[in-house]
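Lettering follows sequence order; numbering is per chain, from 1. These numbers were taken from a predicted model, which means no experiment stands behind them.
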There are 2 protein chains.
Amino acid sequence: MIAHAQPELTKNQALVFGSLSDAGGPLTAYAILDLLRENGFRAPLQVYRALDKLVEYGMVHRLESLNAFVACSHKGCAEHGTAAFAICEICGDVSEFTPDEVIKLLKEWTQAEGFTLARTTIELRGTCRDCISQPN
Amino acid sequence: MIAHAQPELTKNQALVFGSLSDAGGPLTAYAILDLLRENGFRAPLQVYRALDKLVEYGMVHRLESLNAFVACSHKGCAEHGTAAFAICEICGDVSEFTPDEVIKLLKEWTQAEGFTLARTTIELRGTCRDCISQPN
DNA sequence: GGAAGTGGTGTTATATTATTACATACTTTC
DNA sequence: GAAAGTATGTAATAATATAACACCACTTCC
């Protein structure tokens, strides 16, 4: 369990986090940029810099296999362990979960190997229950 | 356990696979392109098309968090389960392993959720034993 | 034999994702 | 108020990936 500070966000960070929260799903950096143009955003770097901080604070996760970002699904983004993601390739829905037992096993492997773990990416691609049951 | 066919590779596929095998580590598509210019490669698509097939055959893995590709570490690329990767951020070394117990737990989660799993990405970022012990 | 299908290739152009470099401004601390 | 640290704005460019189209080799099937 890692406790993340809940710092005051700057204006840009708050705008980016707001976009992701409102979206309720993953957005690419450029999609966020387009959403925020009316708020004065003009360049990708404004988005990327905010995202860097939000990821550092644990409030946003990066989905490596999508090159996209998603707001952490924990309310208030309270402390929690390493997250995993199930990504539906039909509807784009992303489910975040916290597979503590999996993380424990992976940590055991790293300790046996002498590997110092900094960051863990677990992403499952497939089809969610809804999209399987209604194949249209 | 999934048995991958070991098809005859086309010329381009063999060249790309050879580059990755020789490299003994991850390469980006554009790094491969540069290595193969002397073999007549001229465009990224020649690399990406070969990589697509090699990944499909299970002979090459894509490292999502690096946007890079690595030859499968199993000799002859025999049948094996889902792979995971530990990536050293100092020396760039990549260790492939097969965490069967982890995969089993993740599969249990997907079955409970009704999620149909197509592809699993597990990537650990950190520092390998060698780079921790000799901090230069 | 020829038509149609399939898969690989070559090439140009373009789309998408991310960073470098530099200038400016604001805040905190001493 | 000078110094240090952090946030911002902007332009340019780098790095990664795909679309579109033409051509060729091979098969298969009538």
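Between Ile87(B) and Ser65(B) the shortest heavy-atom distance is CD1-OG, 3.7 Å. Counting all heavy atoms, side chain and backbone alike, Gln13(A) lies closest to Leu54(A) at O-CD1, 3.7 Å. Taking every heavy atom of both residues into account, Cys88(B) and Cys91(B) meet most closely at SG-N, 3.4 Å.
For residues 39-49 of chain B, proximity to DNA chain D is found at Leu45(B), Tyr48(B), defined as any non-hydrogen atom under 4.0 angstrom from a strand atom. Contacts between residues 24-32 of chain A and DNA chain C, defined by a heavy-atom separation below 4.0 Å, involve Thr28(A), Tyr30(A), listed by number.
The shortest side-chain heavy-atom distance between Ile90(A) and Asp130(A) does not fall under the 4.5 Å cut-off. A 4.5 Å side-chain heavy-atom check between Val16(A) and Phe69(A) finds every atom pair outside the cut-off. Looking only at side-chain heavy atoms (C-beta outward), Thr10(B) and Lys53(B) stay at 4.5 Å or farther from each other.
Criterion: ILVMFWY side-chain heavy atoms under 4.5 Å apart, direct or through other members. Under it, Leu117(B) and Ile132(A) are not part of a common hydrophobic cluster. When hydrophobic clusters are built by joining Ile, Leu, Val, Met, Phe, Trp and Tyr residues whose side-chain heavy atoms come closer than 4.5 Å, directly or via intermediates, Tyr48(B) is grouped together with Tyr57(B).
Residues satisfying the side chain to side chain donor-acceptor pair (under 3.5 Å) criterion with Ser21(B), sequence neighbours excluded, are absent altogether. Taking the side-chain contact (heavy atoms from CB on, under 4.5 Å) definition, one finds that Lys104(B) meets it with Glu101(B), Glu108(B), sequence neighbours left out. With sequence neighbours left out, Asn67(B) forms a side chain to side chain donor-acceptor pair (under 3.5 Å) with Arg62(B).
An end-to-end axis angle of 30° holds for the helix from dG1(C)-dC30(D) to dC30(C)-dG1(D), taken from five base pairs per end and rounded to 10°.
Nearest-nucleotide positions on DNA chain C for Ala50(B) and Asp52(A) put Ala50(B) closer to the 5' end.
Listed by first and then second residue, the salt bridge (Lys or Arg N to Asp or Glu O under 4.0 Å) pairs involving residues 109-119 of chain A are Glu64(A)-Arg119(A) (not counting sequence neighbours). Residues in residues 102-121 of chain B take part in these ring-ring contact (aromatic ring centres under 6.0 Å, His included) pairs, two or more places apart or across chains: Phe97(A)-Trp109(B). Counting only residues at least two apart or in different chains, salt bridge (Lys or Arg N to Asp or Glu O under 4.0 Å) contacts with residues 87-99 of chain A comprise Glu89(A)-Arg125(A).
Taking a heavy-atom distance under 4.0 Å as the criterion, the stretch of DNA chain C touched by chain A extends 5' to 3' from dT17(C) to dA21(C). For DNA chain D, the outermost nucleotides in 5' to 3' order that have an atom under 4.0 Å from a heavy atom of chain A are dA7(D) to dT10(D).
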Contacts under 3.5 angstrom, residues 26-41 of chain A side chains, donor-acceptor by atom type, not counting sequence neighbours:
unit_1   : atom_1 : unit_2   : atom_2 : d
Thr28(A) : OG1    : Ala31(A) : N      : 3.0
Asp34(A) : OD1    : Arg37(A) : NE     : 3.2

